[in-house]
**Student:** 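Below is one structure. I have some questions about it.
Whatever order the structure lists ligands and atoms in, that order sets their numbers, starting from 1. As the structure is a computational prediction, the values presented were derived from the model and not from experiment.
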Amino acid sequence: MFRNKREFKAEFHRRLVEAYGCEMEQTSPAEKYLTLGTMVRDYASNYWKDTKNETASQDLKQVYYFSMEFLLGRMLTSNLKNLGIYDIVTEGLQELGISYQEIADQENDPGLGNGGLGRLAACFMDSAASENYVVNGNCIRYRAGLFRQFINKYGEQVEMPDMWMRIGNPWEIRKLKHAVDVKFYGQIEVSYDENGDMHFRHRHASHVLAVPYDMPMIGAHTKTVNTLRLWSAEPADVAPRDRDYRQYLSDVEAICLNVYPDDSTEEGKYLRLKQEYFFVCAGVHSIVETHLKNHPSLDNLGEKVAIQLNDTHPVLVIPELMRVLMDEYGYAWDKAWQIVKETVSYTNHTVMAEALEKWPMQYIENLLPRIAMIISEIDRRYCAWAWQQCPDDPDLVSRTRPLRDGTLHMAALALIGSHAVNGVAGIHTEILKNDLFRDQVRLYPHLIQNKTNGVTPRRWLMYCNPELRKLLDDTIGTAWEKDYHHFEDLLKHVDDPSVQEAFLDVKQVRKEKLAAYVRDLTGEIIDPSSMIDTQAKRLHAYKRQLLNIMQVIYLYQRMKRDPSFRIAPHTYLFAAKAASSYTFAKSVIKLINCVAAKINNDPDTRDVLKVVFLPNYCVTMAETLVPGSDVSEQISTAGKEASGTGNMKFMMNGAITLGTLDGANVEIDSLVGRDNDVIFGHTVEELNTLQYHYNAYDYYQQDGRIHDVLDTLINGFWNGSADEFRMIYDELITRNDTYFVLADFDAYVKAQEEIARRYASRNTWARSCLVNIARSGYFSSDRTIEEYAHDIWDLQKLHF
Ligand code: BZD
């Protein structure tokens, strides 16, 4: 463990030569990155060991966060800074004549997820370790990420494999000694012993070996280093039964091949289910193994272990833990069920019907025969119990039971098997209580609670925006870096013109950096003094990127028609991946790119209106995009976005939210007030009424702006093909505009005008940005983790 620059340089040099057998100067940047990463991991290893030992000796409870996704982003800079060795390392490298940035740029974002749910899990890992909570992650070691996105010459998304580990992954350690045997398919043989107790034997199964790879999750300026355990599927040392040998190898290989394989085919569905059981079974097994090292039995599992289910994807934890407790450790049903409920809790991340997981029971019976038996028994017992609770409402049971018409409803199972269920923002939790889980609330009145999401202020402010960090340190000292409550210390300075000026200077620097990044990535030149308005998130109809681009089209048409109408210079940035099978979303990406191509090349407008689509949105891109933006587009249809977390990152970096009353926007709005954000559009309540008499065609007929914009979708205006965007037109008109884009169009145009008006008064604008930063402490995931620890996990901090 190096203690200073001199020792660092000597060790780095020695390790490079030893690892690659050549002079340091002859090693490649990738080799230097791998060597440095390994050194940093080894540096943290003593803390890692201490965290494990102390957890055991203090007999502390620990949490296992089960998530199909952990969208970590690059680890090098964040680990160096969290460990407090960034300066030693970067200066040491400089003295060796090596560029730190070149090394850091070798690291690929780990491709372990696709969106907000995965990024939330990563923020939680950072906050938990930084707050001295022992929270371990459990996930799959996907060899390929979601996909790398390219935009072709027609403006279309093209997916390329994301082989993020191609150069190696210095952060992980393979732990073969903890490998777990996972069984699929086969039959269950039931027998009775002399006491009449039942025994279950899994016969003719297909075995897969789950091998864990551990990654350290390093806290900021603490000694806590937690573990993210990634499971990799390997062929087992058991002869495959009834199967072609090569087929067996490729079936095993497929399990960890990539994130969310296409599930539109039957084969894809089985694969997804396999993935889910695979990491659940392995994770549960390793929890039990660890627990039994320190405790005589599993009786106190619920007291010493909490399992958090990040959405329903890992919900098979519930029947799997039942199976282990009963079949492997001889617990009776009732006692096992009590332990499971004490241990497990579930977070819901969506109310969108199509994203709620449902599985044909037949699949589960084939793939996981013993799990299917346990699920049926959970269902049977639930029905009997629920009948007694509400005899006045006989349908309640059929609406809430996990098994309905041969289909397993994963959310219903999660709810029954958990002691706590939470939504991820206030409005979302209310919708869960009043709508999605209304029936269940009658049976379990105190089960559902709110835990508003958060983001780590280290990655999302201190490390990605050092200029703003310095301004805050200079203005209010450094207490805010350790304690999110102290963000509010900035409130005393928001009226200070010198602080306002200093903020505008910081923003300008960040906008210039963003402009350089955009130029390098796309070749497009954007004006860093224009208002930079950004919508960066997954492409989905409910997020309404379409509304955004329609407003741009409207501005363009109006400027073309009326030369006296000019806007202040605006840059609209979009970044979004569309699921590869989501045709509508892909069509919106193409529309944005076609609009950009036309508008950016039109001499009449290009000085004031610019549109750029940034390909391959990822965590690393967001780290430049967020600090460089003025306006944060959060314009989902009210009631559809559970929380959003991008909204929090933009706010923390002093961007103004232009949003609907949806997800965490509602809480942003109550914290900053209407002077410091721009809120528009129908509310959930209004939409609940409007839906019964909504007629999108009326808007098309009655609003000339909408008419003119939509006509460009079917007259070949953008790329000469009249049918190119007919799908979008049909969604709005023929299918009556599922997400109320046209209903909110007028309000959105006005909101855009309002934000442009505010942007023009520079000092008032800066004041608003400062208020946003000051109020963003609430959205630190340190706060969120405290709440989970206190209200759900009953978790104490580790004391060193
Ligand atoms: O979770 C997102 C929500 O859409 C956001 O509103 C919220 O802020 C974040 C974090 O709570 N949900 C997801 O990211 N969901 C998925 O990615 C997903 C993936 C597979 C199947 C279903 C949902």
Side-chain angles (χ1 to χ4, degrees), residues 65-71 111-124 139-140 142 145-146 258-264 268-269 271-273 275-276 308-315 346-359 410-411 414 421-429 431-432 436 450-456 460 536-544 576-582 585 617 619 622 632 634-651 659-660 662-668 739 779 781 784-785 787-788:
Y65 198 82
F66 276 60
S67 177
M68 287 286 271
E69 302 184 25
F70 282 83
L71 218 41
L112 301 174
N114 71 70
L117 168 155
R119 184 53 232 173
L120 183 76
C123 283
F124 282 1
C139 185
I140 294 174
Y142 304 102
L146 186 64
N258 67 338
V259 179
Y260 294 129
D262 180 33
D263 63 359
S264 53
K269 283 208 170 69
L271 189 50
R272 177 72 198 276
L273 190 58
Q275 287 189 325
E276 293 187 357
Q308 187 69 37
L309 308 180
N310 200 23
D311 217 290
T312 57
H313 320 145
V315 78
Y346 150 62
T347 306
N348 173 285
H349 294 269
T350 185
V351 295
M352 303 277 292
E354 64 270 29
L356 295 173
E357 284 192 300
K358 297 176 196 72
W359 292 103
M410 303 289 252
V421 173
N422 73 285
V424 291
I427 185 178
H428 170 233
T429 302
I431 293 172
L432 291 183
L436 193 62
N450 181 53
K451 290 286 162 282
T452 297
N453 283 167
V455 300
T456 164
W460 296 112
K537 49 185 79 252
R538 288 300 296 274
L539 202 314
H540 201 291
Y542 82 81
K543 297 180 189 275
R544 301 199 295 190
K577 286 182 183 175
S580 58
S581 56
Y582 193 172
Y617 183 51
V619 174
S632 160
Q634 308 298 339
I635 60 176
S636 51
T637 310
K640 299 295 182 199
E641 188 70 272
S643 161
T645 45
N647 44 6
M648 303 169 186
K649 295 167 198 163
F650 282 102
M651 175 192 189
T660 46
D662 198 19
N665 300 352
V666 176
E667 283 150 86
I668 293 177
Y739 295 103
F779 296 110
S781 43
T784 317
I785 282 293
E787 291 184 5
Y788 276 88

**Student:** Judged on heavy-atom distance to atom 1 (O) of ligand 1, which of T347, L120, V351, L117 sits nearest?
**Tutor:**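 Among T347, L120, V351, L117, the closest heavy atom to atom 1 (O) of ligand 1 comes from L117.
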
**Student:** M648 and S643: which non-hydrogen atoms are nearest, and at how many Å?
**Tutor:** CE-OG, 3.6 Å

**Student:** Check this for me - ligand 1, S643, N or O atoms closer than 3.5 angstrom, yes or no?
**Tutor:**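 Yes; at least one N/O pair falls below 3.5 Å.
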
**Student:** Considering only heavy atoms from C-beta outward, does the side chain of K269 approach that of W359 to under 4.5 Å?
**Tutor:** yes

**Student:** Going by heavy-atom distance to atom 10 (C) of ligand 1, choose the closest among V424, N453, N647.
**Tutor:**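 Nearest heavy atom to atom 10 (C) of ligand 1 lies in N453.
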
**Student:** Which atoms form the tightest heavy-atom contact between T660 and R544, and what is the distance?
**Tutor:** CG2-NH2, 3.4 Å

**Student:** N114 heavy atoms, cut-off 4.0 Å: which ligand 1 atoms fall inside?
**Tutor:**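 By the 4.0 Å cutoff, the relevant atoms are 17 (O).
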
**Student:** Would you mind listing which atoms of ligand 1 come within a distance below 4.0 Å of any non-hydrogen atom of A642?
**Tutor:** 6 (O)

**Student:** So for ligand 1, is H349 a polar contact partner (N or O within less than 3.5 Å, distance only)?
**Tutor:** yes

**Student:** Of the non-hydrogen atoms in K577 and Y617, which two are nearest, and what is the gap between them?
**Tutor:**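 Smallest heavy-atom distance, with atoms named: CE-O, 3.4 Å.
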
**Student:** Do N450 and H428 have a side chain donor and acceptor closer than 3.5 Å?
**Tutor:** no

**Student:** Closest non-hydrogen protein atom to atom 21 (C) of ligand 1, residue and atom name please, with distance?
**Tutor:** H313 NE2, 3.4 Å

**Student:** Tell me whether G644 reaches ligand 1 (any heavy atom closer than 4.0 angstrom to a ligand atom).
**Tutor:**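 For ligand 1, residue contact (heavy atoms, under 4.0 Å) with G644 is present.
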
**Student:** So, using side chain to side chain contact (heavy atoms under 4.5 Å, CB included) as the criterion, who are the partners of A541 when residues are at least two apart?
**Tutor:**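 With sequence neighbours excluded, A541 shows a side chain to side chain contact (heavy atoms under 4.5 Å, CB included) to Y582, F584, Y739, given in chain and number order.
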
**Student:** Do H349 and N310 pair up side chain to side chain, a donor and an acceptor below 3.5 Å, judged on atom types alone?
**Tutor:**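 Indeed, the side chains of H349 and N310 share at least one donor-acceptor pair under 3.5 Å.
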
**Student:** Do other residues, nucleotides or ligands put more than 12 heavy atoms under 6.0 Å from the NZ atom of K543?
**Tutor:** yes

**Student:** Tell me the protein heavy atom at minimum distance from atom 19 (C) of ligand 1, and give that distance in Å.
**Tutor:**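 It is Y260 OH, 3.8 Å.
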
**Student:** Which atoms of ligand 1 are found less than 4.0 Å from any heavy atom of Y542?
**Tutor:** 4 (O)

**Student:** Give me the residue, atom name and distance of the protein heavy atom closest to atom 6 (O) of ligand 1.
**Tutor:**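 Of every protein heavy atom, E641 OE1, 2.6 Å lies nearest to atom 6 (O) of ligand 1.
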
